[in-house]
Amino acid sequence: MSSPSTAPRPSVMQLNIKEKAALYAAYIPFFEEGGIFVPTQREYRLGDDVYVLLTLPDDPQRYPIAGRVAWVTPARAAGNRTQGVGIQFPKDDKSRQLRLKIEEILGSSLGSDRATQTI
């Protein structure tokens, strides 16, 4: 007999970004729908479902993102990178609006050569 499998509930993470420079370092524009890097010491695997509550600079609103882990920076990664995961935004209207809002905040710094948390 097989029992119905219950998928684990996605874990919830909060990311409160207070400065534009921190948003630049965390934003992942090369994901099709956009994405965000979340520092965490918890172990995640690619494809894990996660729920992120994101707060942007100078914006009291919290943006809920039901995303997927699409990037993992392990502990003690090369280049002194922060341990954490890159969360890919889902393909929906809320994510598109959030991506536009982030890119509006970042403006011209999006084309910068400054290092980010991912590439």
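Since this is a predicted model, take the numbers as computed values, not measurements.
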Point to revise | Members sharing Val12's hydrophobic cluster (side chains within less than 4.5 Å) | key: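 Its cluster partners, ordered by chain and number, are Tyr51, Leu53.
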Please tell me if the side chains of [X] and [Y] come closer than 4.5 Å, counting only heavy atoms from C-beta onward.
X: Ile102; Y: Leu56; result: yes
X: Arg42; Y: Met13; result: no
X: Phe89; Y: Ile36; result: yes
X: Leu54; Y: Leu98; result: yes
X: Arg45; Y: Val72; result: no
X: Thr73; Y: Gln83; result: no
X: Leu15; Y: Phe37; result: no
X: Lys20; Y: Leu23; result: no

Practice item. Please identify each residue that fulfils side-chain hydrogen bond (donor to acceptor under 3.5 Å, both in side chains) with Asp58, with sequence neighbours left out. Key: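 Listed in chain order: nothing, the list is empty.
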Practice item. Find the distance between OG (Ser95) and CD (Glu32) and round it off to the nearest 0.5 Å. Key: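 Here the rounded value is 11.5 Å.
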**Study point:** Pairwise distance OH(Tyr27) to CD1(Ile105) - rounded to 0.5 angstrom
**Key:**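 Answer for the OH-CD1 pair, Tyr27 versus Ile105, is 11.0 Å.
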Would you be so kind as to tabulate the donor-acceptor pairs closer than 3.5 Å made by side chains of residues 60-70, with sequence neighbours excluded?
unit_1	atom_1	unit_2	atom_2	d
Arg62	NH1	Gln14	OE1	3.1
Tyr63	OH	Asp59	OD2	2.6
Arg68	NE	Gly47	O	3.2
Arg68	NE	Asp49	OD1	3.1
Arg68	NH2	Asp49	OD1	3.4

Check your understanding: Transitively linked via ILVMFWY side-chain contacts under 4.5 Å: Leu106 with Leu100?
Key ->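 No; tracing contacts between hydrophobic side chains, which count when under 4.5 Å, never links both residues.
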**Study point:** Atom of Ile17, atom of Glu19 and distance for their closest heavy-atom approach
**Key:**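 Shortest heavy-atom separation between Ile17 and Glu19 comes out as CG2-O, 3.4 Å.
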Check your understanding: Which atoms form the tightest heavy-atom contact between Ser11 and Tyr44, and what is the distance?
Key ->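 In terms of heavy atoms, the two residues are closest at OG-OH, 2.7 Å.
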Check your understanding: Any donor and acceptor pair, going by atom type alone, linking the side chain of Thr40 with main-chain N or O of Gly84 inside 3.5 Å?
Key ->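 Not confirmed, Thr40 side chain does not pair with Gly84 backbone.
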**Study point:** Glu103, CD atom: more than 12 neighbouring heavy atoms under 6.0 Å
**Key:**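 Counting neighbours around CD of Glu103, more than 12 heavy atoms of other residues, nucleotides or ligands fall under 6.0 Å, so yes.
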Review point. Below 4.0 angstrom, N of the basic side chain to O of the carboxylate: do Glu33 and Arg99 qualify?
Key: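 Answer for the salt bridge query: no.
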